[in-house]
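Because the structure is a prediction, the values reported are computed rather than measured. Chain letters run A, B, ... following the sequence lines, proteins first and then strands; every chain starts at 1.
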2 protein chains.
Amino acid sequence: MRILLVGAGGVGSAVVPIAARRDFFDHIVVADYDRSRAEAVVSKQVGASKRVGASEQVPPSGPGRGPGWRGASARPVEDRFSAIGLDAADQAAVEAALREHRCDVLFNAVDPRFDMPLFRAALAAGADYLDMAMSLSRPHPSRPYELPGVKLGDEQFAMSRRWEAEGRLALVGMGVEPGLADVFARYAADHLFESIDEIGIRDGANLVVRGPDGQEAFAPTFSIWTTIEECLNPPVVWEDGGWHTTEPFSEPEVFDFPEGIGPVECVNVEHEEVLLVPRWVKARRVTFKYGLGAEFIEVLRTLHKLGLDSTEPVRIKGVEVSPRDVVAASLPDPATLGDRMRGKTCAGTWIRGTGKDGRPREVYLYHVVDNEWSMREYGAQAVVWQTAVHPVVALELLARGTWSGRGVLGPEAFDPVPFLDLLGEYGSPWGMREEGAAAA
Amino acid sequence: MRILLVGAGGVGSAVVPIAARRDFFDHIVVADYDRSRAEAVVSKQVGASKRVGASEQVPPSGPGRGPGWRGASARPVEDRFSAIGLDAADQAAVEAALREHRCDVLFNAVDPRFDMPLFRAALAAGADYLDMAMSLSRPHPSRPYELPGVKLGDEQFAMSRRWEAEGRLALVGMGVEPGLADVFARYAADHLFESIDEIGIRDGANLVVRGPDGQEAFAPTFSIWTTIEECLNPPVVWEDGGWHTTEPFSEPEVFDFPEGIGPVECVNVEHEEVLLVPRWVKARRVTFKYGLGAEFIEVLRTLHKLGLDSTEPVRIKGVEVSPRDVVAASLPDPATLGDRMRGKTCAGTWIRGTGKDGRPREVYLYHVVDNEWSMREYGAQAVVWQTAVHPVVALELLARGTWSGRGVLGPEAFDPVPFLDLLGEYGSPWGMREEGAAAA
């Protein structure tokens with residue numbers, strides 16, 4: 001498998017050290033609008049492999065190497081990774097890069113406004129495609145807080161037949177949320193429940209970032225561009241066979257996260273799982289709630305009030321920039337925060353329904369990453385590492401033929417068991433907590 | 001008098017209709033970085049004069065013309081105003097413009113980061129100079145919330161001897177606050193008090209802006225660039241013969257504003273009056289407090305938290321922009337809000353001390369502008385109109401020789417009585433409220 005990884009930002013830069021420990025692919029071309037950023041990610045990995053020591057690079061994996069190693073390739077890192085400059089918005093350039101580097105899969109690790117040119121480029125160049133966030137939504141023109149307009153992924157699913165006809169796969173929403181969360185939903189439907197009443201994706205963390213002065217600082221741990229997009233759009237809910245929308249930050253609830261994170265207030269947010277899960281998994285209700293916290297909600301509300309969430313360019317002395325890009329550029333790069341972060345992040349899927357034994361059941365399937373661990377093991381902060389590991393696992397399943405398919409498919413279209421097993425082999429196992437009556 | 005008015009933003013565009021009713025000057029050249037903006041301001045005034053009717057333009061002022069008219073010049077508006085493009089940061093270009101248009105005074109109506117090039121250009125070209133905000137401060141490097149670093153106006157006052165030697169006047173801080181507020185302080189010292197304990201500038205409003213949808217909207221009524229600058233810098237206080245600084249938004253107090261505005265919570269803000277007043281008026285304590293309101297304070301805190309108050313450029317796809325400029329460009333131009341605004345704005349100076357009769361006295365000298373009035377009379381919203389009228393009054397006093405001076409001087413260096421009298425002639429009288437024991 002030859003992979004064109006588009007985007008050397010937070011997630012893209014965490015993909016490289018994860019993939020470097022695996023032998024399922026032949027080559028990854030790291031591409032970024034800023035070529036030097038792509039080069040820095042590859043050089044850093046080359047440097048890391050040199051520090052491991054030449055003797056350890058030659059033989060296949062051995063014990064004591066830490067998590068995630070599977071057959072360290074005999075080929076040096078510099079032969080397995082390369083870097084190029086590439087504009088993700090330029091479909092023709094992306095097609096040319098796929099052909100020039102003979103890539104059979106495009107791994108999209110840029111923000112979702114570039115989904116469609118990348119998705120179309122892959123189809124045109126005869127490559128498979130994987131992303132972690134689906135094509136963008138547009139609110140309903142007259143009743144935005146009641147009805148969906150163009151939904152997340154609609155533009156992609158509209159092209160599913162063409163992908164099927166070409167015999168190619170577009171695996172959409174294959175990060176952690178969406179991604180692992182959807183795998184959990186399918187696992188619950190297949191193995192834990194007879195029927196499902198509600199599936200609620202719940203995301204929370206107790207991460208704290210300190211500034212250079214040691215004081216607690218405001219610094220989003222994930223792409224602020226994407227966070228603004230998902231949090232300020234009308235949240236979408238699946239209920240009784242259809243989708244509806246609500247006001248932003250609706251239906252707050254306190255969810256108790258595992259492994260010491262504890263209770264966090266979560267609110268409805270627009271997210272892909274709500275659009276993906278009902279396509280393959282039967283449930284009366286599907287929601288996504290995010291543990292944003294009061295401070296972050298206030299920041300997002302203020303950005304919206306000032307128009308700084310806008311992606312429409314404003315003109316300043318002859319130069320055009322989008323305010324949201326300026327917000328992103330003004331904040332520290334989330335990928336660089338690992339050294340100043342402490343705490344854990346949790347992604348997971350809570351399911352309530354009737355168990356295989358016919359009795360009420362309620363479980364939370366989850367995945368926790370401790371920043372201290374991800375920094376020590378991979379030099380990547382917890383949130384970007386958690387997003388990066390799942391698409392690599394999925395690519396490995398595709399490369400080995402364990403997963404296969406054609407058309408535009410979500411993670412819940414595949415058998416969840418090999419995915420969850422392989423995740424354990426990557427050193428980052430998942431967990432399950434029984435809740436409600438069954439837990440008592 | 002020939003005037004180079006640099007800046008056709010909110011205040012600059014309000015200066016033109018005020019000045020058009022007066023005959024003290026020969027010509028105003030309106031200059032802006034965006035030449036079309038300067039041209040639009042002049043064209044609008046030409047259009048307004050045509051609507052008044054040709055018959056009314058020829059004779060000198062008559063009754064029934066409304067406020068501010070003094071000898072409508074026989075010369076048509078298009079001969080008294082012209083427009084040019086000019087970069088306020090380019091000292092050489094400003095000097096050239098002053099010489100080419102034979103201007104004897106530079107009226108600075110751009111934001112204070114351009115003070116120094118404009119101030120130096122005026123001196124080099126042998127022109128007088130007037131601004132409404134002094135050269136910028138820089139916080140103390142190690143104790144920013146205790147001690148001042150470089151203070152507002154320090155760079156300008158450091159050149160006072162050169163202005164004196166050249167026989168030219170730089171009248172700094174001559175808007176409403178600073179400006180009228182300083183005139184009030186001098187008036188109180190000359191005519192109302194034997195000795196002064198405290199001078200507190202207090203600014204508050206009950207203005208409400210509605211969005212295009214008719215709902216109450218967030219829209220600053222004055223330059224957000226300047227508001228960020230003054231509100232996020234450490235506030236400065238004069239006390240017992242020296243200046244010190246505090247944390248932003250310190251010492252909140254509720255001040256009761258006149259003419260129906262009512263009580264507004266005010267907080268310490270860095271402002272020129274605190275630096276200017278003690279140079280000419282004896283007082284134990286001088287403060288400036290601004291009625292920002294909780295929502296605006298939250299917005300400013302959030303901008304600071306995100307680094308969006310910064311004037312340091314960030315790089316976005318090869319383009320450099322300052323986040324603060326993007327914030328300003330994302331919000332509606334304050335000058336355009338008049339039609340959607342309601343309410344009044346109040347600027348004033350509260351003074352406590354010992355009256356001429358030896359008894360305790362406390363007064364608030366103030367100036368209120370009702371947006372409905374300023375829109376109807378001048379087509380300018382209340383806040384920018386209130387800032388624009390005072391420098392025009394000052395220029396008229398200088399043109400007529402009522403005020404004169406050399407060097408770098410604040411408004412309190414001049415006799416306040418002719419200023420306050422002339423303000424009444426402009427149709428916008430000031431008021432005085434007795435407070436405390438004397439009022440009871």
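Only the side chain of V319(A) comes within contact range of chain B, with at least one heavy atom under 4.5 Å from a heavy atom of that chain. Of the two parts of T302(A), only the side chain, counted from C-beta on, holds a non-hydrogen atom closer than 4.5 Å to a non-hydrogen atom of chain B. Residue contact with chain B, scored on non-hydrogen atoms closer than 4.5 Å, involves the backbone of R315(A) exclusively.
Ion pairing between K305(A) and E295(B) holds under the 4.0 Å rule for side-chain N and carboxylate O. Salt bridge annotation for R324(B)-D309(B): absent, with no cationic side-chain nitrogen under 4.0 angstrom from a carboxylate oxygen.
Using a 3.5 Å distance cut-off with no hydrogens or angles, the side chains of T226(B) and D111(B) do not pair a donor with an acceptor. Using modelled atom types, one finds no donor on one side chain facing an acceptor on the other under 3.5 Å when comparing T246(A) with E251(A).
Chain A forms more heavy-atom pairs under 4.5 Å with one residue of I224(B), V321(B), I316(B), D325(B) than with any other, namely I316(B).
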